[in-house]
Structure formats: C-alpha cells, structure tokens
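Residue numbers count from 1 along this sequence.
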Amino acid sequence: MFRPLTDKHLHIVCLDVPYPVDYGGVFDLFYKIKSLYESGIHIHLHCFEYGRGAREELNKYCTSVKYYQRKSFIKSVSFRLPYIVSSRANPSLLHNLLQDNYPVLLEGIHCTYFLFSGDLKNRKVMVRLHNVEYEYYRELSKATNNFLKKIYFKQESSLLKKYEKRIAGKTTFLTVSEKDTETYRREFGATDVRYLPVFLPFTHVKSEAGPGNFCLYHGNLSVPENAKAARWLIKNVGNLLDIPFVIAGKNPPGYFEKQAHKNDNICIVANPSTKDMDELIRKAQVHLLPSFNKTGVKIKLLNALFNGKYVITNKDGVDGTALESLCEIANTASAYKKMTAQLFHASFTDADITKRKNILEGKYDNEANAQKLIQWIW
C-alpha cells in the first residue's frame, strides 16, 4: 500500500470512530482521511469511541490512532456549554495534541472545546463544520415525538447557537455547503469561513440508463429525521400508489413493519449490507428523498445522484447545495404523488447521466479537494 512521501503531519480529531462507513456522518470523515493519506500526509488520528470500537482499518491510513471516551451526561452537564462539546473535553486529548506543533483539524463543533478554552491558541487549527449545529438540533427537536428528547434537543440547540457565535472568530471554518458558509458569516460574523465539498466514496457517476423496478427511500432509520421522512412517505405516497415502494436502512423502528404490512406494495429492508444497499440504489427507478431538515448536505441524496436514476426531493433537501437541476422538486404530498407516478414510467437516459457527470464529477473530486485543503493548512 502507498505510504506518505511528504514530511507533512496533521492531527485530525473525530467526534466518532470514522469506520465502518455505515451512516452519513462518517462519509466525509473517512474519505477525507483516505484522500489526505493518498496525497502524502502523515495523519495522527484521535477518535471519541462510544460503542463503535477500535478499528484496524484506520491503521492503514494513519501514522497513529488514539481513542478517547466521552464523559457521561452527568459528569459533563453544563448550563454554559453544549453537551456534544463538554462531553469531549478530554484532558488526554489535549496532552497528546501538545506533544508537537503539527496543525490540527477538528471534525465538527463537537471537538472544539480546546479551541474555545484557548489551549490551542498558538497552533494552526481548522474546524470542519458538518452542519450549522444549532439548526440541526433545532430540527431534531421538531422531528422527535419523545418528550424528553425534544426538551434535550431544544436546550442543546440554544446552547449551540451561543457557543457557535463565541468561537466563530477564533479560527478557519470549512463548511459542507455554501448555505452554511453564508450562515456563519451572516449570523456569527465569521471572517474566515470557506466551502469545501464533502469527501465521498463515489467520485464518478455510475447511474445506468433504462427502467428501474421500484421506488426507494434509504437512510439510517434510527435517526428521528429519517424515520419521520419514511413515515411521511408511507402515509402520503406509498400507500396511495400501486407502485412497489422499498424503505431500506439501519435499525428501522418496529412500527414500520406494522405499517408496511397494511400495504401490499410496501417493503421494509432492515440493515442491508453495503452490497445490498448499493444494489437497491442502482435498481430503483425513483428515489424518494424528502427532507425535514435544511442543514448540511444529504449523503443519501448524493449517493442517489451518483449511482441511481430519478430523484425527487423538496426544497429543504437541496437548500444550499446547487443540485436543484439534477432533481425533481416536490414540496407537497400531492406533488410527490403525481411526480412519482409520472417518473415511474419514464425512461432514464444517457442525456440525464451526462448532465450529472458535468455537474458532480468536478465538484466532488476527492483528490482535487484534498489538495485544496492541504494548501489551506500549509
């Protein structure tokens, strides 16, 4: 395997263990690490581990890998700091970062405590924003029906808004969407905020012309927003059309099966393998991807555009992504139902594929984006 050829060393601090790549939040983490490694960078990886375990795969790309525990809610509860930040204020992490003078990339607001505290004030530090976090937690509070979770998400959103404003001027921030760049400038007064597209496992469009066999919604169904979207589709689209409709993803709630059994055309695929999920995405005629959260970039949307056929989403699903021209936009249940019926019998063409290649392959080029990041750091 290729080994780094430069003398450039970089600390990367991850909010979670970035392998396996089995949910949207770790795609950018893992494929950024892999791309920087292939560009010759010596990576010193620091991961917060709370259930995913140590992963041998990461040693292939990193000069060193260290794991840290998050503090419990009781030990890190604060009326000043968001829990996602205070629970990662690990003294061992700071000790290890201070053993040298290498630059530091903090993955997510979650990992920024020592930037906030001033302990890294003499270092080159960048923060990768995965969302405008206070917006993300606000939307989570709307998506959940659990009263205690709703209270927690609202409180966390309030603390995050204050916290993000306090650190916005402390270093360089790298966003995943142009919308997030504008939000940090407008709301928080950030002066050094730059857009860097997400790193992906797919960099070439592999969509196939011709008909598909069913409609598909896919995602991590244990996430409230995704579960809400799937429920909405079952109620407003799937059960009203005589078209095969598959809902596939990680850890679907038990009530999904009960809802599906009421409709002969709806099928739930729980915890599919990567290979099986790829096959579902490739064979689907229409990807139904409504979003009830405007924040960040939806990996499931990019996956469908790179590897699938028609995509229907709403305005929130593409807000700030500049991908509107590659999707069909439907903002109401009736529009979703009508457009699904039309596209299910349409022919996905070579011209559709060429259009996607022209827009996606230049923007989501891991090698080029890694070089851009390296130039910014050094």
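Using bins of under 30°, 30° to 60° and over 60° for the plane-to-plane angle, the ring pair Tyr137/Tyr152 lands in the perpendicular bin. A perpendicular orientation is assigned to the rings of Phe188 and Tyr134, their planes being inclined by more than 60° (bins at 30° and 60°). The aromatic rings of Tyr336 and Trp232 stand perpendicular to each other, their planes meeting at an angle above 60°, with 30° marking the opposite boundary.
Cluster membership check: Ile281 does not share its hydrophobic cluster with Ile353, using side-chain heavy-atom separations under 4.5 Å among Ile, Leu, Val, Met, Phe, Trp and Tyr. In the hydrophobic cluster analysis, where Ile, Leu, Val, Met, Phe, Trp and Tyr join through side-chain heavy atoms closer than 4.5 angstrom, Ile268 is grouped apart from Leu280. Note on Leu120: it does not cluster hydrophobically with Tyr102, by side-chain heavy-atom contacts below 4.5 Å among ILVMFWY residues. Val193 and Ile109 end up in the same hydrophobic cluster when Ile, Leu, Val, Met, Phe, Trp and Tyr side chains are linked at under 4.5 Å. Hydrophobic clustering of Ile, Leu, Val, Met, Phe, Trp and Tyr side chains at less than 4.5 Å, counting indirect connections, unites Phe48 with Tyr83.
Side-chain contact check for Tyr23 and Asp16: at least one donor-acceptor pair (N or O, by modelled atom type) lies under 3.5 Å. No side-chain donor from either of Ser291 and Asp316 sits under 3.5 Å from a side-chain acceptor of the other. Inspection of the His287 and Asn303 side chains reveals no N or O donor paired with an N or O acceptor under 3.5 Å. For the residue pair Lys300 and Asn226, a side-chain donor N or O sits within less than 3.5 Å of a side-chain acceptor on the partner. In summary, the side chains of Tyr184 and Glu164 do present a donor paired with an acceptor at a separation below 3.5 Å, with no hydrogens or angles considered. For the 3.5 Å distance criterion, the side chains of Asn59 and Glu56 qualify, holding a donor opposite an acceptor. No hydrogens or angles considered: a donor-acceptor pair under 3.5 Å links the side chains of Thr332 and Ser334.
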Leu221 vs Asn251, side-chain contact (heavy atoms from CB on, under 4.5 Å): CA-CA, chis, key distance, verdict
CA-CA 6 Å; Leu221 297 170; Asn251 300 329; 6.0 Å; no
Evaluate Arg282 against Asn307 for side-chain contact (heavy atoms from CB on, under 4.5 Å), listing each step before the verdict.
CA-CA 6 Å; Arg282 183 178 67 84; Asn307 299 297; 5.9 Å; no
Evaluate side-chain contact (heavy atoms from CB on, under 4.5 Å) for Tyr31 paired with Thr203, printing each intermediate quantity in order.
CA-CA 11 Å; Tyr31 289 102; Thr203 55; over 6 Å; no
Assess whether side-chain contact (heavy atoms from CB on, under 4.5 Å) is satisfied between Leu160 and Tyr136, documenting all intermediate values.
CA-CA 10 Å; Leu160 279 163; Tyr136 178 67; over 6 Å; no
Quick one, Lys34 with Glu38, criterion salt bridge (Lys or Arg N to Asp or Glu O under 4.0 Å). Give me CA distance, side-chain angles, the key distance, then yes/no.
CA-CA 6 Å; Lys34 188 172 183 289; Glu38 291 169 350; 2.8 Å; yes
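Between Val127 and the choices Leu106, Val104, Leu105, the side chain to side chain contact (heavy atoms under 4.5 Å, CB included) rule is met once, by Leu106.
The closest side-chain heavy-atom distance from Leu81 to Tyr113 is below 4.5 Å. Put simply, the side chain of Val132 does not reach to within 4.5 Å of the side chain of Lys179, judged on heavy atoms. Taking 4.5 Å as the limit, every side-chain heavy atom of Pro244 sits out of range of all side-chain heavy atoms of Cys267. For the pair Leu326 and Leu360, the minimum side-chain heavy-atom distance is below 4.5 Å. Taking 4.5 Å as the limit, some side-chain heavy atom of Gln285 sits within range of a side-chain heavy atom of Tyr310. For the pair Leu97/Asp119, no side-chain contact is recorded, criterion being any heavy-atom separation below 4.5 Å from C-beta on. Side-chain atoms of Phe245 and Leu233, non-hydrogen and from C-beta on, do get closer than 4.5 Å to each other. Within the 4.5 Å cutoff, no side-chain heavy atoms of Glu139 are placed close to those of Phe292.
Under a 3.5 Å cut-off, the side chain of Asp352 and the backbone N or O of Lys309 do not form any donor-acceptor pair. Side-chain N or O atoms of Ser35 include none that pairs as donor or acceptor with a backbone N or O of Lys32 at under 3.5 Å.
Salt-bridge formation is not detected for the pair Lys372/Asp365: no Lys NZ or Arg NE/NH1/NH2 atom is positioned less than 4.0 Å from an Asp or Glu carboxylate oxygen. Using a 4.0 Å cut-off between a side-chain N of Lys or Arg and a carboxylate O of Asp or Glu, Glu361 and Lys357 do not qualify as a salt bridge.
Enclosure of atom OH in Tyr255 by more than 12 non-hydrogen atoms of other residues, nucleotides or ligands within 6.0 angstrom is indicated. When the shell of 6.0 Å around CG of Asp242 is examined, it contains 12 or fewer heavy atoms from other residues, nucleotides or ligands.
A cation-pi arrangement is present between Arg70 and Tyr50, with the terminal nitrogen or guanidinium carbon under 6.0 Å from the aromatic centre and inside a 45° cone about the axis.
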